[in-house]
2 protein chains.
Amino acid sequence: MKTDFAASQLEALGKPTRLEIFRTLIRAGNEGLPVGALQERLDIAPSTLSHHLKTLLISGLITQERQATTLICRANYQSMQELIDYLMAECCIEGKGITEPGCSSSRC
Amino acid sequence: MKTDFAASQLEALGKPTRLEIFRTLIRAGNEGLPVGALQERLDIAPSTLSHHLKTLLISGLITQERQATTLICRANYQSMQELIDYLMAECCIEGKGITEPGCSSSRC
DNA sequence: ATTATAATTCGATAATTCCAGAAATACAGT
DNA sequence: ACTGTATTTCTGGAATTATCGAATTATAAT
């Protein structure tokens, strides 16, 4: 994974509003949620929500599927997992081989 | 973990420059790296690096320890792990109980 | 005290980002 | 075609952020 790509995903999650949107979708599971339902739950202006969803969509962290007039949004679990893996991927690679306290990477 | 706190950590990691700094420290392990070593490796202006380190420090993702004139920087593995846990904590909690493809949370 | 090294703060500029209201678009039903 | 609902795009002002050079602070050695 390229640094810029990972950073764009982290940045997408780096605002409370967008993080709440994402976590709401994470909670929703594979059923997902329509944009309108998100808008009601989180009480964000529709245009603002749309922008945030676009940011999350472009970053690959969510997907959208059209069902007639409503757009179902879903968290992209795979993308999320890849991001987490990236963060820890080379954990302690330069260390002296001793166990790194607090590091829960499989490497350490 | 509060949303705002998690978002501030994600935001700290959400710029390529800071993400590289952090991953360099993740690779370095518990030995850590002096600010100067980071500056050489990543070729960032000292003042810019200092600002980014401050951001990471405030967010709790790194720690610093003074050794005479040099400042040793270390990734905070525990803080990192808590952040990752937070992202997945309530994964699929509203789902119908069916396995969520792509979701690797222990819950699913 | 003086010097040297390490790192931060200051100040300034350019660029980015957030947010919401208004208008526009997409789609389904009548 | 018309209407209603859902969502996006356009626009722009306000606020934040990134970046760097220059000056400053902190610490240790002589």
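Proteins get letters first, then strands, A, B, ... in listed order; numbering begins at 1 in each.
At least one side-chain nitrogen or oxygen of B/Arg18 sits closer than 4.0 Å to the OP1 or OP2 atom of D/dA18. Side-chain nitrogen and oxygen atoms of B/Thr17 include at least one within less than 4.0 Å of the OP1 or OP2 phosphate oxygen of D/dT19. OP1 or OP2 of D/dC20 sits under 4.0 Å from a side-chain N or O of B/Thr48. The phosphate of D/dT19 (OP1 or OP2) has a side-chain N or O of B/His52 nearer than 4.0 angstrom.
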(request) Assess whether side chain to side chain contact (heavy atoms under 4.5 Å, CB included) is satisfied between B/Gln9 and B/Tyr86, documenting all intermediate values. (result) CA-CA 11 Å; B/Gln9 291 190 322; B/Tyr86 172 77; over 6 Å; no
(request) Would you sort out whether B/Leu83 and A/Leu87 count as a side chain to side chain contact (heavy atoms under 4.5 Å, CB included), showing the intermediate values? (result) CA-CA 11 Å; B/Leu83 175 60; A/Leu87 286 172; 5.8 Å; no
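Protein atom NE2 of A/His51 is 8 Å distant from nucleotide atom C1' of D/dC10, rounded to whole Å. Rounded to a whole Å, the CG atom of B/Leu53 is 13 Å from the P atom of D/dT19. Taking atom CD of B/Gln39 as the reference point, atom P of D/dC20 lies 10 Å away to the nearest angstrom. Rounded to whole angstrom, the span from the CG atom of A/Leu57 across to the P atom of D/dT8 amounts to 9 Å. If you measure from atom CD1 of A/Ile58 to atom P of D/dT8, you get 12 Å, rounded to the nearest angstrom. In this structure, CG of B/Leu71 is placed 13 Å from C1' of D/dT25, rounded to the nearest angstrom. Rounded to whole angstrom, the span from the CG atom of B/Leu42 across to the P atom of D/dA18 amounts to 16 Å. In this entry the distance linking CD of B/Glu20 with P of D/dT19 reads 13 Å, nearest Å.
Within the nucleic acid shown, B/Thr70 comes within 4.0 Å of sugar-phosphate atoms alone, with no base atom in reach, counting heavy atoms only. Among the heavy atoms of the strands lying under 4.0 Å from A/Glu11 are primed sugar atoms or P, OP1, OP2 only; no base atom is included.
Between the side chain of B/Arg74 and the backbone N or O of B/Thr63, no donor-acceptor pair lies under 3.5 Å. B/Glu65 contributes no side-chain N or O that, together with a main-chain N or O of B/Cys73, makes up a donor-acceptor pair within less than 3.5 Å. Using modelled atom types, no side-chain atom of B/Ser50 and backbone atom of B/Pro46 make a donor-acceptor pair closer than 3.5 Å.
In 5' to 3' order, the nucleotides of DNA chain C bounding all contacts with chain B (an atom under 4.0 Å from a heavy atom) are C/dA6 to C/dT17.
Residue B/Tyr77 comes nearest to B/Asn30 through the heavy atom pair CE1-OD1, 3.7 Å, listed as atom of the first residue, atom of the second, then distance.
The salt bridge (charged side-chain N to carboxylate O under 4.0 Å, His left out) search around B/Glu11 returns A/Lys15, not counting sequence neighbours.
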(message) Can you give me the dot-bracket string for DNA chain D, 5' to 3', counting Watson-Crick and G-U wobble pairs with both distances under 3.5 Å, using [ ] for crossing pairs and | for partners on another strand?
(response) ||||||||||||||||||||||||||||||
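Residues A/Ile58 and A/Ile21 are members of separate hydrophobic clusters, defined by side-chain heavy-atom contacts under 4.5 angstrom among Ile, Leu, Val, Met, Phe, Trp and Tyr. Cluster membership check: B/Leu56 does not share its hydrophobic cluster with B/Ile72, using side-chain heavy-atom separations under 4.5 Å among Ile, Leu, Val, Met, Phe, Trp and Tyr.
A residue-by-residue look at A/Ser50 and A/Lys15 shows that A/Ser50 has its nearest nucleotide of DNA chain D further toward the 5' end.
Here D/dT8 is the nucleotide among D/dC20, D/dT8, D/dA18 with the atom lying nearest to any side-chain atom of A/Pro46.
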